[in-house]
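To start, the structure itself, in structure tokens.
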Amino acid sequence: MKTIFLRTAFLSLAVFSISFSLLAQGNTPDARLSGKLSDLSGYGVGNVKITAQLDNSTTSNVRPAASAPDGSYLLILPPGRYHIHFQHPSFVPRDFVLDLAPAETRSLDLRLEIQRVSENVVVTANAQPLEIEHTPAPVDLIGRQEIDQRQAVSLPDLLSTQTGISLARTGTIGGLTTIFLDGGNSSFTKVLIDGTPVNLPGGDVDYSNLTLDNVDKVEIVHGAESALYGSDAMSGVIQIVSHQGSTRIPEFNVFGEGGSFSSARGGAQVSGLLGRFDYSAAASYFHTDGQGINDAFLNRSFAGNLGYNFSDSNQLRLSVRSNSSFAGTPGQTLLFPADSSAFYNLQQLSANLTWNFQTGGHWSHHFSGMESRYFSISGFPPFGNFPNQANRAGGLAQSTYSFRGGAVTAGYQYEVENASGHAYRNNQGGFLDARWSPISRLTLSAGGRAEANTSFGTRVVPRAGAVLALRYAKGFLGDTRARFAYGQGIEEPTALESFDTDPCSPGNPNLRPQRSHTFNIGVDQYFDSDRFRVSATYFANEFRDLITSVLGTQAGCPFGSVTFLNTDLSRARGVNFSATARLAHWLSLNGNYSFDDTRVLKSSTAGTGFQEPGDHLLRRPVNSGNIWLNATFRRFNFNLAGYFTGVRSDSDFDGLGFTRNPGYARFDLATSYNFGRGISFYGRVTNLLDKQYQEAIGFPALGRDFRLGMNYRFTGRN
């Protein structure tokens with residue numbers, strides 16, 4: 001009996017010991033990982049998605065979390081080796097591998113670097129990339145998804161649908177193409193490609209052959225920005241941001257299409273990562289016979305973007321973009337017979353080499369060298385060929401000190417300009433730009449630039465702005481933000497206006513810079529947990545010391561003489577409205593409307609009937625807008641866009657008396673179907689209803705144009 005009792009007691013003790021051991025193992029104290037996520041200014045970053053995955057475990061064991069509005073986070077995890085991933089659409093992702101012991105408490109604070117190619121980040125409106133909600137100037141961002149859904153091929157077609165922009169194209173495809181932003185002249189918008197200015201010295205940009213190959217984002221900043229960018233940024237800045245490779249297994253895309261007017265287009269893009277080296281390159285070819293006599297157009301494009309990361313805070317990047325086109329130019333065929341032999345050959349090249357690095361926890365630095373080249377030949381047989389060439393080359397150096405709630409940037413820029421006719425000019429400028437958030441709801445900014453120019457000497461231009469979050473809320477009535485921005489702009493004279501050696505139109509070395517004062521006041525209102533957004537911005541722009549050519553008489557000049565003087569004055573006032581709505585997870589609706597009341601205030605042509613004081617400025621409609629609907633259902637995508645433009649003041653410039661260009665409405669359709677395995681079929685129709693209209697008097701716009709194509713995309717992976 002005693003033996004049985006001892007055996008029973010021993011067995012019970014063994015079972016108890018094993019059970020206690022198993023229970024102890026099951027109740028091993030968890031580890032705690034906490035910290036704060038902040039930007040370079042020290043402010044907390046909320047809604048960062050944090051995932052923790054045990055080493056060699058399945059995705060079902062991933063532990064998700066998110067940072068609080070102040071950037072703090074807490075993860076309670078069983079002990080083990082974890083892969084920790086931090087993800088936010090506006091910041092560069094961060095990854096860590098951590099070994100967490102039982103009951104360990106560890107702190108991990110991170111300062112997140114802004115993601116330049118994010119659709120929530122503005123690169124152009126500030127000295128440093130900044131989230132759009134903290135940017136005072138009105139900004140429109142067009143991301144890669146929208147470009148793909150609309151199947152946009154060229155930059156002017158994409159820009160023509162944006163608030164405050166009107167497009168003027170002297171021809172169908174390939175004709176001289178310019179834009180007007182918020183009432184400013186076509187030369188008042190500075191255009192940058194990855195930081196490189198591509199305007200002609202003191203002049204326009206010809207958008208006719210600028211394609212969207214290898215482009216991730218287009219930014220449009222409204223208002224004068226000469227405090228940051230010097231000459232040309234009179235009414236706004238447009239920047240093209242190139243794609244960056246981001247996948248270890250390369251991403252590859254190839255397409256081909258054809259359609260009406262004997263059009264054919266093809267191209268390819270490849271991007272990826274090789275260790276610390278990232279690469280992205282694209283090339284395309286396009287040809288069309290056009291819709292009439294001598295209306296053919298040929299365009300070849302190449303774009304590359306290469307980067308090397310010495311470390312997370314030290315990067316070197318080179319971007320190059322080349323566009324070469326040849327177009328027949330039949331002229332104003334609505335007024336005169338087509339010219340069967342005239343042509344326009346255009347080549348544009350830009351390059352930028354940039355070095356970004358940080359020293360310590362507060363200092364970041366940016367150095368870049370840049371160059372853009374322009375060459376064109378306008379041929380008018382039998383009168384001859386008329387070449388025009390120009391290039392801009394220079395460097396930029398800036399340093400930013402970031403502190404809690406703000407940052408201060410100081411920079412210096414030097415540029416050399418050359419143009420036809422032995423025109424040569426040096427520009428240099430020093431600038432300061434500061435941003436400060438005394439409270440989380442308020443962001444203040446201010447800056448200024450001293451610009452020294454060979455032609456007009458030294459000028460100082462300031463800017464200032466503020467963003468105030470009036471309301472933070474969810475539900476039907478969501479966040480409300482108010483914005484204010486003021487800026488002054490300058491623009492140097494063109495090479496012709498300063499350096500022309502023709503005795504009948506001599507350049508004037510004493511010309512002052514053209515100047516602008518711009519005000520923008522706006523409100524952004526969100527509804528239904530950010531599913532709907534409505535924005536309204538009032539702008540008031542004044543343009544002073546405008547350079548014009550004053551006609552006169554001079555011996556030896558049978559057609560009269562021309563003198564360039566700073567005589568004219570004009571203004572533009574109006575409102576830009578925009579709205580976005582996510583009606584369902586597969587359906588979105590976007591629209592905008594612009595009221596742009598431009599006026600001539602003072603003109604050298606007063607009394608001639610052309611651009612009299614009180615007249616609207618040429619080719620800038622008072623009313624314009626667009627609306628586009630996008631639906632994605634399973635493998636099918638459908639995109640319908642409509643544009644309308646009111647009556648515009650214009651001129652035939654031939655003395656025929658045409659001064660009014662009627663308004664029009666146009667609709668475009670784009671669809672695609674994904675067959676799987678990377679293969680998709682797509683089609684689009686521009687000018688769906690075959691509307692007859694003209695963007696410039698005498699030049700007919702392209703009629704109904706349809707394209708069908710196939711696309712193969714291999715999606716890269718990490």
Side-chain angles (χ1 to χ4, degrees), residues 170 176 178 185-188 190 197-206 230-232 234 329 342-349 371-394 414-429 451-459 490-515 544-568 603-605 608 610-611 653-655:
T170 58
L176 176 66
T178 55
N185 290 347
S186 57
S187 61
F188 288 0
K190 189 153 195 170
V198 295
N199 298 65
L200 288 171
D204 294 321
V205 173
D206 187 349
S231 180
D232 307 328
M234 291 267 286
T329 54
F343 66 89
Y344 179 49
N345 188 350
L346 174 63
Q347 299 175 26
Q348 299 190 82
L349 172 69
E371 182 169 10
S372 63
R373 291 180 176 271
Y374 172 98
F375 176 77
S376 69
I377 296 179
S378 299
F380 300 96
F383 301 103
N385 299 333
F386 300 90
N388 183 21
Q389 60 182 349
N391 81 287
R392 307 173 69 154
Y414 180 81
E415 186 177 52
V416 177
E417 299 175 345
N418 293 276
S420 298
H422 304 288
Y424 177 85
R425 183 159 51 202
N426 287 339
N427 300 326
Q428 58 181 325
E451 181 85 353
N453 184 282
T454 301
S455 293
F456 58 73
T458 301
R459 295 291 189 278
I490 53 174
E491 183 179 41
E492 63 189 1
T494 67
L496 184 70
E497 292 164 346
S498 290
F499 303 105
D500 193 4
T501 57
D502 188 334
C504 294
S505 59
N508 182 355
N510 298 315
L511 288 171
R512 301 185 300 277
Q514 301 183 102
R515 298 182 295 138
R544 307 175 180 177
D545 290 338
L546 301 183
I547 299 173
T548 188
S549 51
V550 179
L551 299 179
T553 58
Q554 182 175 320
C557 299
F559 301 103
S561 62
V562 173
T563 304
F564 298 108
L565 298 173
N566 297 92
T567 60
D568 290 7
S603 173
S604 62
T605 58
T608 66
F610 176 77
Q611 289 290 272
F653 295 101
D654 288 301

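Everything numeric in this text was worked out from a predicted model, so none of it was measured. Hydrogens, waters and symmetry mates play no part in the numbers below; they use all other heavy atoms, side chains included.
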(request) Please check if any side-chain donor atom of Asn427 sits under 3.5 Å from a side-chain acceptor atom of Glu451, or the reverse. (result) no
(message) Restricting to ring-ring contact (aromatic ring centres under 6.0 Å, His included), what partner residues turn up for Phe188, sequence neighbours left out?
(response) Phe543
(request) Kindly indicate whether the side chain of Pro506, heavy atoms from C-beta on, has any atom under 4.5 Å from the side chain of Phe564. (result) no
(request) With sequence neighbours excluded, tell me which residues meet salt bridge (charged side-chain N to carboxylate O under 4.0 Å, His left out) with Asp545. (result) Arg512, Arg515
(request) Return each pair, listed once, that meets salt bridge (charged side-chain N to carboxylate O under 4.0 Å, His left out) where at least one residue sits in residues 372-385; pairs must be two or more places apart or across chains. (result) Glu371-Arg373
(request) Grab the two heavy atoms, one from Ser604 and one from Thr567, that are nearest each other, plus how far apart they are. (result) CB-OG1, 3.5 Å
(request) Go through the structure and list residues passing salt bridge (charged side-chain N to carboxylate O under 4.0 Å, His left out) with Arg459, not counting sequence neighbours. (result) none
(message) Once rounded to the nearest 0.5 Å, what's the spacing between atom CG of Asn426 and atom CD of Glu415?
(response) 9.5 Å
(request) With rounding to the nearest 0.5 Å, note down the distance linking CG in Asn185 to CE in Met234. (result) 7.5 Å
(message) Could you tell me if the side chain of Thr454 sits less than 4.5 Å from the side chain of Tyr424, heavy atoms only?
(response) no
(request) Find out whether Tyr344 and Leu346 are in side-chain contact, i.e. whether some heavy atom of one side chain is under 4.5 Å from a heavy atom of the other. (result) yes
(message) How long is the straight-line distance from CD of Glu417 back to CG of Asn199, given to the nearest 0.5 Å?
(response) 10.0 Å
(request) Report the residues that fulfil side chain to side chain donor-acceptor pair (under 3.5 Å) with Thr170, sequence neighbours left out, ordered by chain and then residue number. (result) none
(message) If the condition is ring-ring contact (aromatic ring centres under 6.0 Å, His included), which residues does Phe343 pass it with, not counting sequence neighbours?
(response) Phe326
Could you list the donor-acceptor pairs under 3.5 angstrom formed between side-chain atoms of residues 549-561 and any protein atom two or more places apart in sequence or on another chain?
{"from": "Gln554", "atom 1": "NE2", "to": "Pro503", "atom 2": "O", "distance (Å)": "3.3"}
{"from": "Ser561", "atom 1": "OG", "to": "Gly552", "atom 2": "O", "distance (Å)": "3.4"}

(message) Is the shortest side-chain heavy-atom distance between Phe456 and Ile490 below 4.5 Å?
(response) yes
(message) Show me the pairs that pass salt bridge (charged side-chain N to carboxylate O under 4.0 Å, His left out) and involve residues 378-387, at least two apart or across chains.
(response) none
(message) With rounding to the nearest 0.5 angstrom, report the CD to OH distance, Gln389 to Tyr374.
(response) 11.0 Å
(request) Go through the structure and list residues passing side chain to side chain donor-acceptor pair (under 3.5 Å) with Glu497, not counting sequence neighbours. (result) Thr494
(request) Compare all side-chain heavy atoms of Ser231 with those of Glu492 and state whether any distance is below 4.5 angstrom. (result) yes
(message) With rounding to the nearest 0.5 angstrom, report the OG to CD distance, Ser376 to Gln348.
(response) 9.0 Å
(request) Indicate yes or no: at least one non-hydrogen side-chain atom of Arg392 is less than 4.5 angstrom from one of Ser372. (result) yes
(request) Using salt bridge (charged side-chain N to carboxylate O under 4.0 Å, His left out) as the criterion, list what pairs up with Asp206, not counting sequence neighbours. (result) none
(message) Could you check whether Ser505 and Asp500, counting side-chain N and O atoms only, form a donor-acceptor pair closer than 3.5 Å?
(response) yes
(message) Within the structure provided, determine whether Ser455 and Leu511 are in side-chain contact (heavy-atom separation under 4.5 Å).
(response) no
(message) Applying side chain to side chain donor-acceptor pair (under 3.5 Å), can you list everything that pairs with Asn508, at least two apart in sequence or on another chain?
(response) none
(request) Only counting residues at least two apart or in another chain, list the ones meeting side chain to side chain donor-acceptor pair (under 3.5 Å) with Thr178. (result) none
(request) Kindly say whether Ser187 contributes a backbone atom to a donor-acceptor pair with the side chain of Asp204 at under 3.5 angstrom? (result) yes
(message) Is there a side-chain contact between Ile547 and Leu565 in this structure, where contact means two heavy atoms from C-beta onward sitting under 4.5 Å apart?
(response) no
(request) Heavy atoms only: give me the nearest Ala452-Thr458 pair and the separation to one decimal. (result) CB-OG1, 3.8 Å
(request) Measure the CZ-OG1 distance between Phe610 and Thr605 for me, rounded to the nearest 0.5 Å. (result) 6.0 Å
